[in-house]
Amino acid sequence: MRVLHERARSLHARLGQILGPGELDEYGAALGDLLDVLPHDDPSRAMYGQMRVEFAGRASEMSIAAWQRHLETGSPEDLELAVALGRRAVAAAGEDDPNRTRVLADLGRVLQNEIARTRDRAVTEEAIGALEEAVAATGVDSPHRVVRVSMLGMCLWHRATQRMAAGDDPTADLDRAIVLHRDAVARAEAGGFPDPGGPLGNLAVVLDAAGRARGDDGLTAEAGRRFESAVEATPPGHPERFRRLANLGGYLWTRFREGGDREALLRAVDVLKQAERELPEGRGLPSVLASALEAAELEARKP
């Protein structure tokens with residue numbers, strides 16, 4: 001018992017300097033071993049319980065740091081690390097952990113990128129479960145509600161696209177995702193949310209998917225207006241401006257290809273060129289967008 005106490009306290013003393021999952025696991029195991037053997041009336045249980053809360057918080061911080069590196073570099077190893085650390089954090093954050101809601105939301109945020117990378121339905125269900133719990137525990141007036149509701153809506157959209165690919169009915173997920181995103185947009189516009197383009201762009205993506213799935217021109221047209229609004233709400237130099245321009249450009253290019261709308265074609269060329277200018281020096285458009293821009297420019301030259 002004494003060895004376990006010393007081991008846990010030694011690791012806790014340098015918790016803020018732990019950088020790797022190996023040391024984090026060692027610390028988590030030490031706390032778990034202690035809490036397993038300590039009598040329920042032992043006065044030190046409260047101290048070790050608080051240490052476990054700090055452990056979960058540190059694991060979540062490390063997860064988000066790895067996720068941010070992935071966004072900057074595209075490194076799959078950083079994303080894998082972010083997911084692993086986020087799962088450790090949630091596993092350590094008990095029902096009485098005051099930070100459990102944030103830890104769950106952080107895992108859901110990271111898993112969105114893992115869904116995009118793997119298209120794994122089990123990961124999608126895991127993300128939805130984490131975010132359902134996080135949203136349920138987030139007050140209606142919380143400044144975090146917009147982001148958490150919007151993330152849940154995007155995970156439901158991911159599940160809808162997976163269901164469509166499998167030949168299953170996506171209606172329930174698309175309907176709920178639209179409701180969630182409309183709520184997020186309304187709250188963002190009413191409450192001075194710092195980045196209203198985010199909820200607007202997410203709503204546009206889901207409306208576009210629903211419009212195509214149902215053949216509903218009204219939803220598809222609204223999607224276009226929302227894509228435009230998302231770009232208008234995102235100033236030049238904003239880290240998300242490229243993605244929002246790319247989404248709008250892709251939408252406009254598809255409108256031309258499917259309906260022959262020449263005005264949409266000319267706008268697509270302009271928007272995709274704007275997106276290209278938002279990229280850091282030395283980086284070109286992703287191949288899909290580069291091909292779309294090349295094809296759009298060729299079509300625009302035709303009489």
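Computed over heavy atoms, backbone and side chain alike; hydrogens, waters and symmetry mates excluded. This chain uses plain numbering: 1 for the first residue, then up along the sequence.
In this structure, L252 is a member of the same hydrophobic cluster as L207, with clusters built from ILVMFWY side-chain heavy atoms closer than 4.5 Å. Residue L200 is grouped with residue F227 when hydrophobic side chains (ILVMFWY) are merged at heavy-atom distances under 4.5 angstrom, including chains of intermediate members. Taken together through direct or relayed side-chain contacts under 4.5 Å among Ile, Leu, Val, Met, Phe, Trp and Tyr, I128 and V135 form part of one hydrophobic cluster. No continuous path of ILVMFWY side-chain contacts below 4.5 Å connects L71 to V147, so the two sit in separate hydrophobic clusters. Linking ILVMFWY residues whenever their side-chain heavy atoms come closer than 4.5 Å, directly or via other members, places V185 and V231 in the same cluster.
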Going through the distances and angles, do E61 and R58 end up as a salt bridge (Lys or Arg N to Asp or Glu O under 4.0 Å)? CA-CA 5 Å; E61 289 171 3; R58 176 60 177 158; 3.7 Å; yes
Any chance you could lay out the side-chain contact (heavy atoms from CB on, under 4.5 Å) test for L131 and L104, step after step, and finish with the verdict? CA-CA 7 Å; L131 289 167; L104 285 163; over 6 Å; no
Mind running side-chain contact (heavy atoms from CB on, under 4.5 Å) on H181 and R226 for me, showing each step along the way? CA-CA 11 Å; H181 284 306; R226 299 293 189 170; over 6 Å; no
Would you check, one step at a time, whether the test salt bridge (Lys or Arg N to Asp or Glu O under 4.0 Å) holds for D270 with K273? CA-CA 5 Å; D270 178 59; K273 285 183 175 179; over 6 Å; no
Test salt bridge (Lys or Arg N to Asp or Glu O under 4.0 Å) on K302 and E299; report intermediate values, then the result. CA-CA 5 Å; K302 293 180 181 179; E299 288 290 342; 3.2 Å; yes
With a cut-off of 3.5 Å and sequence neighbours excluded, list every side-chain donor-acceptor pair involving residues 105-112.
unit_1	atom_1	unit_2	atom_2	d
D106	OD2	S60	OG	2.9
D106	OD2	R102	NH1	3.4

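Residues P170 and A160 share a closest heavy-atom pair of CB-O, 3.5 Å.
Taken to the nearest 0.5 Å, the CZ atom of R176 stands 5.5 Å off from the CG atom of L156.
When each of R145, E133, R148 is checked for a side-chain hydrogen bond (donor to acceptor under 3.5 Å, both in side chains) with T138, only R148 meets the rule.
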